[in-house]
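Have a look at the structure below, then the notes.
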Amino acid sequence: MNITVKYFASLREQMGKAEELLTLSKATPIAEVWENVSGETSSDNILMAINMEYVKPDAIVEEGDEVAFFPPVTGG
Amino acid sequence: MNITVKYFASLREQMGKAEELLTLSKATPIAEVWENVSGETSSDNILMAINMEYVKPDAIVEEGDEVAFFPPVTGG
Amino acid sequence: MMPIEIRTSSFDPWEEINLHQQKMGKDGQFGATASFVGTMRDINEGEPVQSMTLEHYPGMTEKHLQEICADASQKWDLIDTLVIHRVGEIEIADPIVLVCVWSAHRAEAFDACRFIMEDLKSKAPFWKQESTTEGKRWVEKNTPG
Amino acid sequence: MMPIEIRTSSFDPWEEINLHQQKMGKDGQFGATASFVGTMRDINEGEPVQSMTLEHYPGMTEKHLQEICADASQKWDLIDTLVIHRVGEIEIADPIVLVCVWSAHRAEAFDACRFIMEDLKSKAPFWKQESTTEGKRWVEKNTPG
């Protein structure tokens, strides 16, 4: 299954890219996707979204999803 | 002693005047001044000011003071 | 002295804020601007209103608005405040009151703007008389804040 | 749908409020307009800042701003809301965000304006990167509201 992963702000810089396409063998918790792409075992202080909705680390990523990882927001 | 008395809004209409000059025989509590001018024995719901400062009914009116009586304020 | 104005004719609150901000010359210092505008409605307490007359106590009104803004500046770290209040004949949709507060951060601006507005409503000597199809009536109390 | 705009160039918040209010066509209905403008300061956390870049998540940002305004309209009886937020390169004294709320009475306008602003700060996906004499740095957290 194919997903799109987006990175923003300091995470975009850390990852060296704004977006990538990934192929997963099966539906996977988003925290595992983060561990795979970042090589980090912790997702503390990382915000996660699936299809533009905030989700918790155990949320399941499905075929075609748009996944996003980013640091705490600082708008306004 | 001479004082100026001002009336505003519904009290101005009730008194039939906006302002009058009064002569008092001595320094007098403002509630008594109200009783004298209005003929009423109660000053509930009447706001009172001496020289443009809100005062309580027992505040003493002195020579030359500007006294004012008015209903609750409704600005803004 | 805080800028306080009593106006006898209609004013545009947004233009007033803009002009005041330009005159202030504090660009880059303020990070937060909170404003409130009270506007004349065509209905009050369920009855249609045609127009309104606002009476005030010249001298005492200005003095109290000054005190209210000075109090706010003591309570919070503010860069500037602006208060404009209409008196006289007021038409539907006319702005009645403008309160605007500039500060470095948003909490102060929000708190002070609301404080000034509530204090103005409870202390500043203004009185509203409404004209309805039934005639004129004095507004007896403000809506709760 | 609530009016939500992401702007890539400088805007005048007072002109935007004025224009929006004219388009609304609710003259005589609203009695209260509460607004907040966040503006770029020349200092943050004690250090001089020269300029700022605001990044956002296109799509998700608009969606969340819509949700925040819809939430506010559920909680309070509002006539209209307007939210405008800058992205891209921002200069000192540029407005960053405008929140404006129109309602019949003042309590709703004050409460909803602050709620929208606080919710926007905590949820809407925007990120600030400041340019200082020491180089660029990502702002790590917002000042408390």
Side-chain angles (χ1 to χ4, degrees), chain B residues 1-22 24 27-31 33-34 36-40 42-76, chain C residues 4 6-7 36-41 44-45 49 52-68 83-88 90 95-99 113-130 135-145:
Chain B
M1 47 174 273
N2 297 306
I3 64 167
T4 306
V5 185
K6 296 189 171 203
Y7 308 102
F8 292 95
S10 55
L11 281 194
R12 176 176 48 71
E13 291 183 344
Q14 183 188 314
M15 298 299 292
K17 56 195 154 200
E19 183 170 334
E20 62 185 321
L21 300 173
L22 282 189
L24 303 178
T28 309
I30 192 169
V33 176
W34 171 246
N36 290 342
V37 294
S38 68
E40 292 178 3
S42 155
S43 59
D44 291 356
N45 236 359
I46 308 285
L47 298 178
M48 304 175 175
I50 297 178
N51 300 327
M52 301 187 180
E53 285 295 339
Y54 286 105
V55 294
K56 297 202 170 138
D58 61 357
I60 303 298
V61 177
E62 315 263 9
E63 163 67 21
D65 279 353
E66 176 175 302
V67 168
F69 299 109
F70 46 80
V73 302
T74 55
Chain C
I4 294 297
I6 306 293
R7 294 285 179 91
F36 178 84
V37 177
T39 307
M40 163 113 188
R41 295 167 68 226
N44 190 22
E45 291 170 30
V49 177
M52 193 165 73
T53 306
L54 246 160
E55 183 171 332
H56 77 304
Y57 182 170
M60 181 165 172
T61 307
E62 292 85 341
K63 187 170 184 290
H64 274 259
L65 293 178
Q66 290 280 357
E67 283 174 11
I68 291 164
V83 175
I84 301 178
H85 203 294
R86 268 296 295 285
V87 294
I90 295 178
I96 299 168
V97 60
L98 162 67
V99 173
C113 183
R114 193 161 193 171
F115 167 86
I116 291 171
M117 193 57 208
E118 296 306 322
D119 231 37
L120 180 159
K121 284 244 169 201
S122 69
K123 291 188 196 158
F126 291 104
W127 301 274
K128 287 175 179 153
Q129 188 181 46
E130 296 173 339
K136 293 186 176 217
R137 63 178 182 193
W138 289 98
V139 176
E140 291 190 352
K141 57 171 189 263
N142 275 321
T143 48

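In this text, all values refer to a predicted model and were calculated from it rather than measured experimentally. For the numbers below, each heavy atom of this structure counts, side chains included, while hydrogens, waters and symmetry mates do not. Below, chains carry the letters A, B, ... as their sequence lines are ordered, and counting in each starts from 1.
Below 4.5 Å, heavy atoms of chain C meet heavy atoms from B/Glu66, B/Ala68, B/Phe70, B/Pro71, B/Pro72, B/Val73, B/Thr74, B/Gly75, B/Gly76, all part of residues 66-76 of chain B.
Using a 4.5 Å cut-off between heavy atoms, C/Ser122 contacts chain B through its backbone alone, with no side-chain atom that close.
Of the listed residues (C/His64, C/Lys141, C/Glu140), the greatest number of heavy-atom pairs within a distance under 4.5 Å of chain B belongs to C/His64. Ranked by non-hydrogen atom pairs under 4.5 Å with chain B, the options C/Lys63, C/Arg86, C/Glu67, C/Met117 are led by C/Lys63.
A 4.5 Å side-chain heavy-atom check between B/Met52 and C/Glu62 finds every atom pair outside the cut-off.
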Margin query: Please determine whether side chain to side chain contact (heavy atoms under 4.5 Å, CB included) holds for the pair C/Gln129 and B/Glu13, giving the CA-CA distance in whole Å, both sets of side-chain angles, and the decisive distance to 0.1 Å.
Written below: CA-CA 12 Å; C/Gln129 188 181 46; B/Glu13 291 183 344; 3.4 Å; yes
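Interatomic distance, CH2 of C/Trp127 versus CG of B/Leu11, reported as 9.0 Å (0.5 Å rounding).
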